Amino acid sequence: MPCAVTFSPDGRRVLGASVQGKIIVWDPALRVRRGQFEAHPEEITSARFSPDGALLMTTSRDRTVRAWDAVGGSCTSAAFTSSAGFAAL
């Protein structure tokens, strides 16, 4: 079940984030899934593309913010943590 959905800046991809901690990237024109990966061990609370569309940023109930390669799906930075957690980007 998606908990966050957003378009890339160029409109060519849709990012969906799930309550299971997964990220899914779709191509809306072709109606195909471009990628799916495990992003967090808990529910993702928000997800966004960077302004250039190269990165994905996510926040989670696990109290972290993470940056991801939007094409390959690899984590590009160490998780930032907060004792209070993050609600949105």
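Not measured: the values here are computed from a predicted model.
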In Å, rounded to the nearest 0.5 Å, how long is the span from [atom1] of [X] to [atom2] of [Y]?
X: Glu42; Y: Gln20; atom1: CD; atom2: CD; answer: 12.5 Å
X: His40; Y: Arg61; atom1: NE2; atom2: CZ; answer: 12.5 Å
X: Gln36; Y: Ile24; atom1: CD; atom2: CD1; answer: 4.0 Å
X: Met57; Y: Ser46; atom1: CE; atom2: OG; answer: 9.0 Å

Taking all heavy atoms of [X] and all of [Y], pick out the closest pair and write down the distance.
X: Thr45; Y: Ser60; value: OG1-N, 3.6 Å
X: Ala70; Y: Gly53; value: CB-O, 3.4 Å
X: Gly11; Y: Pro28; value: O-CG, 4.0 Å

Is a donor on one side and an acceptor on the other found under 3.5 Å between the side chain of [X] and the backbone of [Y]?
X: Arg12; Y: Phe7; answer: no
X: Ser18; Y: Lys22; answer: yes
X: Thr6; Y: Arg48; answer: no

Checklist entry - To which residues is Val32 joined in a hydrophobic cluster, defined by side-chain heavy-atom contacts under 4.5 Å among Ile, Leu, Val, Met, Phe, Trp and Tyr, whether direct or through other members? => result Leu30
Checklist entry - Rest of the hydrophobic cluster containing Leu56 (Ile/Leu/Val/Met/Phe/Trp/Tyr, side-chain heavy atoms under 4.5 Å)? => result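 When side chains under 4.5 Å apart are linked, the cluster holding Leu56 also contains Leu15, Ile23, Val25, Phe37, Ile44, Phe49, Trp68.
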Next on the checklist: In the structure I gave you, are the side-chain heavy atoms of Val5 and Val14 within less than 4.5 Å of one another anywhere?
Outcome noted: yes
Next on the checklist: Going by side-chain hydrogen bond (donor to acceptor under 3.5 Å, both in side chains), name the residues that satisfy it together with Arg34, two or more places apart in sequence or in a different chain.
Outcome noted: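 Applying side-chain hydrogen bond (donor to acceptor under 3.5 Å, both in side chains) to Arg34 gives Asp27.
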